[in-house]
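Throughout, protein chains are lettered first and strands after them, A, B, ... in sequence-line order, and every chain is numbered starting at 1.
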There are 2 protein chains.
Amino acid sequence: MAGLSREDLASRAIASEKYVRRMLATHGLRPTRQRIGLIKLLFGSGNRHVTADCLAAEARAVQMPMSLATVYNALNNFANVGLLRRLEIGVGRTVFDTSTSDHSHFFFEDSGEIADIAVDGSRLAQEIVVPEGYKIAKVDIVVRLRKAS
Amino acid sequence: MAGLSREDLASRAIASEKYVRRMLATHGLRPTRQRIGLIKLLFGSGNRHVTADCLAAEARAVQMPMSLATVYNALNNFANVGLLRRLEIGVGRTVFDTSTSDHSHFFFEDSGEIADIAVDGSRLAQEIVVPEGYKIAKVDIVVRLRKAS
DNA sequence: CTGTGTGCAAACTCTTTGCATAAGT
DNA sequence: ACTTATGCAAAGAGTTTGCACACAG
């Protein structure tokens, strides 16, 4: 892959518009003002788990208001090209993870928060007998946590 | 637990209204006509994965039409008392599993179908370091399958 | 009787879409 | 210029809720 990877950017503390633009170009996405702003928010501070709604609120907070539909479009675009990972946590709304590496998640039932776990699904995948004609696309593991009584 | 368990009923090929009524009573639910009908549909034929929508369609098919809202209420009630397991698969709609035992799921991305896998999450759970003050409520593992190319 | 469940429709939340306008190359 | 993205509002899907009526204990 030519250009800068997502990890490179994240580790660089980002912010430089130049890198963001190249990151988008690398994935075949036009560097629009909105996308650039969102990428900065998403990758500017370590791994994150965001919804369209909360990301739009953040954008508003930094004086970069944009349509909620645009945020949805952008997040879907980013996920489709591999910049983000769509999480299937089963809360009502779609959550996007800025870390695309193979890892699992804690889901805190009391607060609704999500956190990464190092445990990956690939090891587990090896012991599974896959049905004829299919291959494993992804293994999602969610550890749901409840307050200890 | 006094009375008949869900497994007992399922293995008995069910249908007897007497058992269904006791099953509901055991879990503190009134045996209304609608609930009885739904239980028969749900547990009358092996393990199943249903949505409110498809279950309502089945009820209609057997001349037991009822409001979709009632089906939603019933499914939620059943899940809350432990008769069903709510699956967090992340497709747009909520899926209920008639098997409440610890097991995982295949999700066929082409057809949207769901199938059980014997692999359980409890073993995996043992190697996870749980955050202070929390305990594991459930471990959901979904193996997403794609047509092999 | 008393309380709970049902049915219906309306409300609600999250997400996508259509179309005119704006912006990127 | 030509193409693709944005913004807005409307449409959509899935689910829940409020209230009058029906039914179970």
Side-chain angles (χ1 to χ4, degrees), chain A residues 3 17-18 20-41 49-57 59-60 63-81 83-84 86-96 112 114, chain B residues 3 17-18 20-41 49-57 59-60 63-81 83-84 86-96 112 114:
Chain A
E17 210 163 296
K18 181 173 148 197
V20 178
R21 299 185 96 96
R22 203 183 313 170
M23 183 178 179
L24 286 167
T26 299
H27 291 86
L29 295 174
R30 281 192 184 176
T32 65
R33 213 177 321 118
Q34 293 84 341
R35 287 175 178 165
I36 291 169
L38 293 180
I39 290 286
K40 285 184 183 172
L41 288 174
H49 305 99
V50 304
T51 62
D53 211 53
C54 83
L55 188 57
R60 232 175 290 123
Q63 312 303 321
M64 194 172 285
M66 67 189 78
S67 165
L68 184 55
T70 297
V71 176
Y72 270 106
N73 287 335
L75 286 174
N76 283 328
N77 290 154
F78 296 167
N80 291 341
V81 300
L83 281 170
L84 295 177
R86 225 185 300 265
L87 296 188
E88 317 283 12
I89 301 271
V91 302
R93 50 239 174 99
T94 306
V95 176
F96 293 87
I114 294 168
Chain B
E17 210 162 298
K18 182 173 145 196
V20 178
R21 299 183 96 95
R22 202 183 315 169
M23 183 176 178
L24 286 166
T26 298
H27 292 86
L29 296 173
R30 282 193 185 174
T32 65
R33 213 178 323 118
Q34 292 83 344
R35 286 176 179 166
I36 291 169
L38 293 179
I39 290 287
K40 285 185 183 172
L41 288 174
H49 305 97
V50 305
T51 62
D53 211 52
C54 83
L55 188 58
R60 233 175 289 123
Q63 312 303 320
M64 195 174 284
M66 66 188 78
S67 164
L68 184 56
T70 298
V71 177
Y72 271 106
N73 287 337
L75 286 174
N76 284 329
N77 289 153
F78 296 166
N80 291 342
V81 300
L83 281 170
L84 295 177
R86 223 184 298 265
L87 296 187
E88 316 284 12
I89 300 274
V91 301
R93 49 236 172 102
T94 306
V95 176
F96 294 86
I114 295 168

Point to revise | Spacing of Asp53(A) atom CG relative to dC12(C) atom C1', expressed in whole Å | key: 14 Å
Review point. Base, backbone or nothing for each nucleotide of nucleotides 16-25 of chain D, written B, S, -, heavy atoms under 4.0 angstrom, 5' to 3'?
Key: BB-----SBS
Review point. Do the side chains of Arg21(A) and Ile36(A) get nearer than 4.5 Å, heavy atoms only?
Key: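 Yes, their side chains come closer than 4.5 Å.
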Point to revise | Side chains of Arg33(B) and Met64(B) in contact at under 4.5 Å (non-hydrogen atoms) | key: no
Exercise for review: Quickly work out the Leu24(A) CG to dT25(C) C1' distance and round it to whole Å.
Suggested key: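 Those two atoms, CG and C1', are 15 Å apart.
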Practice item. Using a heavy-atom cut-off of under 4.0 Å over every strand shown, decide if Thr51(B) touches base, sugar-phosphate, or nothing. Key: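 Nothing, no nucleic acid heavy atom in range.
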Review point. Leu75(B) has an atom CG; how far is it from atom P of dG5(C), in whole Å?
Key: 15 Å
Review point. Can you find a side chain N or O atom of Gln34(B) that sits less than 4.0 Å from OP1 or OP2 on dG7(C)?
Key: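 Yes, because at least one side-chain N or O of Gln34(B) sits under 4.0 Å from OP1 or OP2 of dG7(C).
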Review point. Atom CG of Asn77(A) and atom C1' of dA5(D): how far apart are they, to the nearest Å?
Key: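 After rounding, the reported distance stands at 9 Å.
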Point to revise | Point-to-point distance, once rounded to the nearest 0.5 Å, from CG of Asn76(B) to CZ of Arg86(B) | key: 5.0 Å
Point to revise | Between dG5(C) (C1') and Ile36(B) (CD1): distance, integer Å | key: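 Distance check: Ile36(B) CD1 to dG5(C) C1' gives 12 Å.
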Review point. Please give, in whole Å, the distance from dC14(C) P to Arg93(A) CZ?
Key: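 Arg93(A) atom CZ is separated from dC14(C) atom P by 6 Å.
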Review point. If we only count heavy atoms from C-beta on, is the Leu87(B) to Ile114(B) side-chain gap below 4.5 Å?
Key: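 SC-SC contact between Leu87(B) and Ile114(B) confirmed.
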